[in-house]
Amino acid sequence: MKKYNPQALEKKWQSLWLKDRIYEPNLDNAKKPFYNLMMFPYPSAEGLHVGNMYAFVGADICGRKKRMEGFDVFEPIGLDGFGIHSENYAIKIGKHPKQHAADSEKNFYRQLASVGNGFAWEQKLETYDPEYYRWTQWLFIQLFKAGLAYRKKAEVNWCPHCLTVLANEQVIAGECERCRTIVAKKQLEQWFFKITDYADKLLAGLDTIDWTEKIKIAQRNWIGKSEGAEIDFVLTGIRGQENGKHALKIFTTRPDTIFGATFCVISPELAQSWLDVGWQTSDDVRAYIKDALRCRAGADRRAEEKEKTGIFSGINAVNPATDKEIPVWVSDYVLAGYGTGAIMAVPAHDERDREFAQKFNLPVSDAPLIEFDEAIKKAGGKRTTNYRLRDWLVSRQRYWGAPIPMIWCDSCTKWMPEREENLPVLLPDVKEFRPTGTDKSPLANFPEFYQTTCPECGGAARRETDVCDTFLDSSWYYLRYLDPKNNKEPFSQDRARRWLPVASYIGGAEHSVLHLLYVRFISIALHDLKLADFAKNTGGEPMPRFRAHGLIIKDGAKMSKSRGNVVNPDEYLAVYGADVLRMYLMFLGPFDQGGDFRDDGIKGITRFLFRTWDYYVNEKRDASISNEVTGRLAHKTIKKVTRDMEELQNNTAISALMVLLTQMEREPDAFADSVFLLMLAPFAPFITEEIFAQRGSRETIHKGPWPQYDPAKTIDDTFQLVIQINGKVRDIVSVATDITEADARTLALAREKIKMALAGSEPKKTIFVPKKLINLVQ
RNA sequence: GGGCGAGUGGCGGAAUUGGUAUACGCGCAACACUUAAAAUGUUGUGACCGAAAGGUCAUGUGGGUUCAAGUCCCACCUUGCCCACCA
């Protein structure tokens with residue numbers, strides 16, 4: 001009697017697989033490439049947690065099945081280790097980020113190796129490796145050369161806790177995505193990527209890709225395309241100015257409501273710009289503008305809790321539709337960054353305008369609507385399109401990132417990229433890496449870093465001291481995986497053409513408007529710039545199929561360190577082994593739904609694998625034995641499991657395997673014996689490999705072949721005919737599959753139970769559904 | 001406030017196209033094995049009535065469509081996620 005000992009056999013197979021390189025596809029010659037990508041983790045404080053493992057295992061199961069179906073599966077893994085998150089943790093534990101990276105790298109790879117995934121370890125990468133970020137810098141330079149990276153002074157989001165600027169996408173309801181601190185506004189000169197140039201392409205591409213609908217909607221909303229009009233309202237009553245000399249340009253998506261516009265509102269920023277060019281106004285108005293701008297800098301303008309404020313500017317505007325003079329107000333409920341920073345207020349149709357009108361006792365006019373284009377014509381406006389999407393702010397005033405490879409020369413008076421042959425611009429190994437709290441990166445304290453020579457005139461010049469947003473690191477990693485040691489080019493075009501676009505991408509939905517938008521933007525831009533051509537057929541879309549996995553919850557809440565409910569897989573792996581933990585996680589529920597991690601459910605899976613072991617290892621039986629019922633069930637199970645796995649419904653696939661095993665234990669069948677093990681292999685790679693070897697195979701089970709079913713054997717000769725009276729089940733009888741309606745009716749009427757229930761009356765109508773039921777309607 | 005989901009046993013969850021609601025697993029109960037317990041195995045397990053046969057009621061609530069509704073339509077309640085003064 002051999003005992004199932006998961007720890008010993010898992011260790012053994014891990015090293016044998018590594019030695020035999022069974023998960024390393026031939027990247028240059030693969031005939032049926034299948035790029036199975038999962039979002040790479042950032043090596044966080046706690047190490048790999050069960051939620052990460054859930055995502056990786058779900059993706060791996062899909063890849064393992066493809067490998068058994070004969071595909072050359074490439075399943076790379078790496079670490080997204082640059083960035084504020086890692087740096088903050090390093091600061092907290094008093095380590096240098098570089099040291100922390102080295103430590104967590106070791107721990108992460110050890111954990112990742114233990115979960116039983118078919119990772120292509122030879123292609124691993126880390127974003128903080130100079131050989132990686134050298135090419136992140138190269139990417140920055142290509143965008144700069146194409147005019148897609150630019151430097152601009154603008155109002156930006158500043159996190160007073162992280163002490164850096166943030167991209168719009170990293171501000172959630174006015175708070176820093178990472179630390180939940182209320183974000184302030186600052187006027188700073190920063191590097192931006194022109195993602196807004198790609199708004200339409202990013203929007204159009206969504207219709208062509210097979211992604212979770214939720215993510216597509218989130219991206220559409222984020223891009224926020226709205227069709228509307230810009231209309232000039234002629235201004236009157238400006239002190240010291242002739243009437244009609246100036247006009248106010250407003251943006252509206254509802255020009256059809258223009259007859260109801262009873263006042264205009266401009267943003268404090270627009271008002272300030274008027275002051276800057278000499279607008280003379282009262283001290284009260286000046287005070288309001290100053291105050292509103294200061295509030296914005298302090299960022300206490302979160303929508304819901306704030307009552308509207310504002311002040312009459314003293315200026316009037318002529319509504320071009322009604323020719324009536326209406327007042328122009330200044331209020332911070334109008335945003336500077338959207339449209340023209342000015343609106344016509346229609347309190348009868350817009351809730352915010354109504355609230356404002358009520359507070360300040362402004363007129364409300366329930367004027368009739370007119371047709372959209374007619375309104376624009378009447379008002380002398382023009383159609384325009386506005387986007388919510390802002391350009392991607394990529395500079396960060398922090399240490400732990402790829403230095404932005406740009407140089408400022410005082411004599412050439414311009415920004416220039418570092419020469420590509422000088423890349424990487426190495427992140428210096430400095431002791432004082434903490435954020436400075438000014439608007440400068442810590443690197444600005446190191447002349448030995450920033451003092452350089454101008455790439456054009458050779459004179460003294462100064463390096464940019466900000467570093468790149470981590471999302472730039474992760475915007476192209478899938479390309480580098482194909483060739484992580486390439487020191488001549490960022491990626492191999494040949495390999496990219498062979499392997500890309502990515503066949504299956506799996507990751508968390510929390511990146512719907514961050515990573516998943518940036519990764520599309522960068523790929524589409526690379527195609528436009530002729531720097532890549534691997535996805536010509538998908539319009540540059542790098543990942544035509546994406547699925548979001550659900551979250552693993554513990555005690556009713558998302559796992560987090562502060563709640564103290566993080567589950568580390570190590571302890572479970574030590575007790576139960578990877579096979580049990582993998583299957584347990586998959587059995588919780590559908591992959592896109594996640595589930596609640598609780599110890600009590602593990603028992604069922606443990607029992608199942610022990611039964612499997614006993615069935616194959618300890619119960620010797622005649623290998624030629626065959627059983628009709630079990631054989632047929634095996635064919636049906638292949639059909640169901642194959643389909644369920646394609647839909648990532650691993651929970652029901654596992655339940656079908658449980659049903660099959662129970663039947664095999666009752667009535668063994670040689671065909672079922674062989675296919676059961678193959679179907680179990682993606683879920684429980686270790687135990688199946690061991691049993692396969694013990695049954696005498698010299699090959700790995702993981703190259704398949706995936707079992708095929710005989711469609712004829714999935715159809716039964718008989719079925720359970722449900723007999724209903726008025727839609728209620730009254731009897732069930734086993735009949736031939738091809739029974740006719742007439743025969744079914746006769747049979748049903750002859751049944752004792754039916755006779756009793758009908759009590760002698762004749763059914764008026766009969767509904768017959770082949771292979772399902774007969775319904776007698778009285 | 002806007003957008004998108006989800007509400008099914010004691011619990012996690014099943015249910016191809018509208019066609020046997022509660023698969024599979026946990027838990028629970030009885031039995032077997034055992035000196036005993038654990039483990040394992042077998043059987044049972046939505047609620048109510050009934051000795052049984054059988055019946056009635058059950059998929060958040062209330063309506064509707066249909067021979068037939070967890071599934072489709074309308075209204076409402078609860079809840080989760082995303083976005084949020086974007087004119």
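Sequence lines set the chain letters: A, B, ... in the order given, protein chains first and strands last, and positions in each chain run from 1. Below, all heavy atoms of this structure are taken into account, side chains as well, without hydrogens, waters or symmetry copies.
The shortest distance between the side-chain N/O atoms of A/Lys603 and the OP1/OP2 oxygens of B/rG27 is below 4.0 Å. Phosphate proximity of B/rA84 to A/Arg388: present, with a side-chain N or O under 4.0 Å from OP1 or OP2. Neither OP1 nor OP2 of B/rA87 sits under 4.0 Å from any side-chain N or O of A/Tyr333. The shortest distance between the side-chain N/O atoms of A/Arg607 and the OP1/OP2 oxygens of B/rG27 is below 4.0 Å.
Taking atom P on both nucleotides, B/rG1 is separated from B/rG60 by 25 Å, rounded to a whole Å. Going from the P atom of B/rC81 to that of B/rU45 covers 38 Å, rounded to whole Å. Across B/rG55 and B/rA38, the matching C1' atoms stand 43 Å from one another, rounded to whole Å. For the P atom pair drawn from B/rG70 and B/rU65, the interatomic distance equals 16 Å after rounding to whole Å. For B/rC57 and B/rU22, the C1' atoms lie 15 Å apart once the distance is rounded to whole Å. B/rU78 sits 16 Å from B/rU59 when the C1' atoms are compared, rounded to a whole Å. For the P atom pair drawn from B/rC26 and B/rG13, the interatomic distance equals 16 Å after rounding to whole Å. As rounded to the nearest Å, B/rA51 and B/rG46 have C1' atoms that lie 22 Å from one another.
Candidate nucleotides B/rG19, B/rU16, B/rC81 were compared by shortest atom distance to the side chain of A/Lys214, and B/rC81 ranks first. When each of B/rC24, B/rA87, B/rG19 is scored by its nearest atom to the side-chain atoms of A/Asn775, the top-ranked nucleotide is B/rG19. Picking from B/rA87, B/rG19, B/rC24 the nucleotide with the shortest atom distance to the side chain of A/Lys772 gives B/rG19. Relative to the side chain of A/Val777, the nucleotides B/rC82, B/rC67, B/rG25 differ in distance, and B/rC67 lies closest.
The distance from atom CZ of A/Phe683 to atom P of B/rG25 is 15 Å, rounded to the nearest whole Å. Rounded to an integer number of Å, the gap from CG of A/Asn157 to P of B/rA84 is 11 Å. Whole-Å rounding puts the A/Arg745 CZ to B/rC67 P distance at 17 Å. Atom pair A/Lys249:NZ and B/rA87:C1' shows a separation of 16 Å (rounding to whole Å applied). To the nearest angstrom, P of B/rG25 lies 19 Å from CE of A/Met586. Atom pair A/Tyr338:OH and B/rA84:C1' shows a separation of 13 Å (rounding to whole Å applied). Rounded to whole Å, atom P of B/rG3 lies 11 Å from atom CD1 of A/Ile217. Between A/Leu389 atom CG and B/rC83 atom C1' the separation is 14 Å, expressed in whole Å.
Checked against side-chain contact (heavy atoms from CB on, under 4.5 Å), A/Ala271 has the following partners two or more places apart in sequence or in another chain: A/Ile266, A/Trp279, A/Ile289, A/Val330. Evaluation of the side chain to side chain donor-acceptor pair (under 3.5 Å) rule for A/Asp738 yields no partner, not counting sequence neighbours.
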I'd like a table of atom pairs between the protein and nucleotides 12-14 of chain B - only N or O on both sides, under 3.5 Å - with the distance next to each one.
unit_1	atom_1	unit_2	atom_2	d
B/rG12	O2'	A/Leu588	O	3.0
B/rA14	OP1	A/Asn651	ND2	3.1

Atom pairs, protein N/O to nucleotides 56-59 of chain B N/O, distance under 3.5 Å:
unit_1	atom_1	unit_2	atom_2	d
B/rC57	OP2	A/Lys728	NZ	3.2

#### Entry: Residue pair A/Ile654, A/Met583: steps toward the side chain to side chain contact (heavy atoms under 4.5 Å, CB included) verdict
CA-CA 8 Å; A/Ile654 291 171; A/Met583 291 195 73; 3.8 Å; yes
### Query
Between A/Arg520 and A/Ile209, does a side chain to side chain contact (heavy atoms under 4.5 Å, CB included) hold up when you go through it step by step?
CA-CA 11 Å; A/Arg520 294 180 57 220; A/Ile209 53 183; 4.0 Å; yes
### Message
Under the criterion side-chain hydrogen bond (donor to acceptor under 3.5 Å, both in side chains), I'd like the reasoning laid out for A/Tyr387 against A/Asp200: C-alpha separation, chi angles, the key distance, then a yes or no.
### Response
CA-CA 10 Å; A/Tyr387 297 90; A/Asp200 278 320; 2.8 Å; yes
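Between the side chains of A/Tyr288 and A/Thr309, at least one donor N or O sits under 3.5 Å from an acceptor N or O. For the residue pair A/Asp353 and A/Tyr333, a side-chain donor N or O sits within less than 3.5 Å of a side-chain acceptor on the partner. Side-chain atoms of A/Thr662 and A/Arg611 include a donor-acceptor pair closer than 3.5 Å.
When atom types are taken as modelled, the side chain of A/Thr737 and the backbone of A/Asp717 share a donor-acceptor pair closer than 3.5 angstrom. The backbone N or O of A/Glu647 lies less than 3.5 Å from no partner atom in the side chain of A/Arg547, so there is not a single donor-acceptor pair. Judged by distance alone, with hydrogens and angles left aside, the side-chain atoms of A/Ser512 form no donor-acceptor pair with the main-chain N or O of A/Ala218 at under 3.5 Å. A donor-acceptor pair under 3.5 Å links the side-chain atoms of A/Asp391 to the main chain of A/Ile195, judged by distance alone. Not one N or O on the side chain of A/Tyr54 forms a donor-acceptor pair closer than 3.5 Å with the backbone of A/Gly550.
Of the two residues contacting RNA chain B, namely A/Glu510 and A/Ala342, the nearest-nucleotide position lying further toward the 5' end is that of A/Glu510. Nearest-nucleotide positions on RNA chain B place A/Val659 closer to the 5' end than the other of A/Val659 and A/Val513.
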### Query
Using Watson-Crick and G-U wobble pairs whose two distances are both under 3.5 Å, how do you write the pairing of RNA chain B as dot-bracket, with | for links to another strand?
(((((((..(((......[....)))((((((.......))))))((((....))))..(((((..]....))))))))))))....
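No salt bridge links A/Asp207 with A/Lys216; every basic N to acidic carboxylate O contact stays at or beyond 4.0 Å.
The aromatic ring centroids of A/Phe356 and A/Trp329 lie less than 6.0 Å from each other.
The aromatic rings of A/Tyr572 and A/Phe597 sit perpendicular to each other, their planes meeting at more than 60°, with 30° as the lower class boundary. Relative ring orientation between A/Phe251 and A/Tyr338 is described as perpendicular, the plane-to-plane angle rising above 60° on a 0-90° scale split at 30° and 60°.
At a threshold of 4.0 angstrom between heavy atoms, the contacts of A/Arg611 are confined to the sugar-phosphate backbone, with no base atom among them. Note on A/Ser226: only backbone sugar-phosphate atoms sit closer than 4.0 angstrom, heavy atoms only; bases stay farther off.
Within residues 710-727 of chain A, the residues approached by RNA chain B to less than 4.0 Å at the level of any non-hydrogen atom are A/Gln720, A/Val722, A/Gln724, in residue-number order.
Nucleotide B/rG63 is shown with an anti base, its glycosidic torsion being more than 90° from 0.
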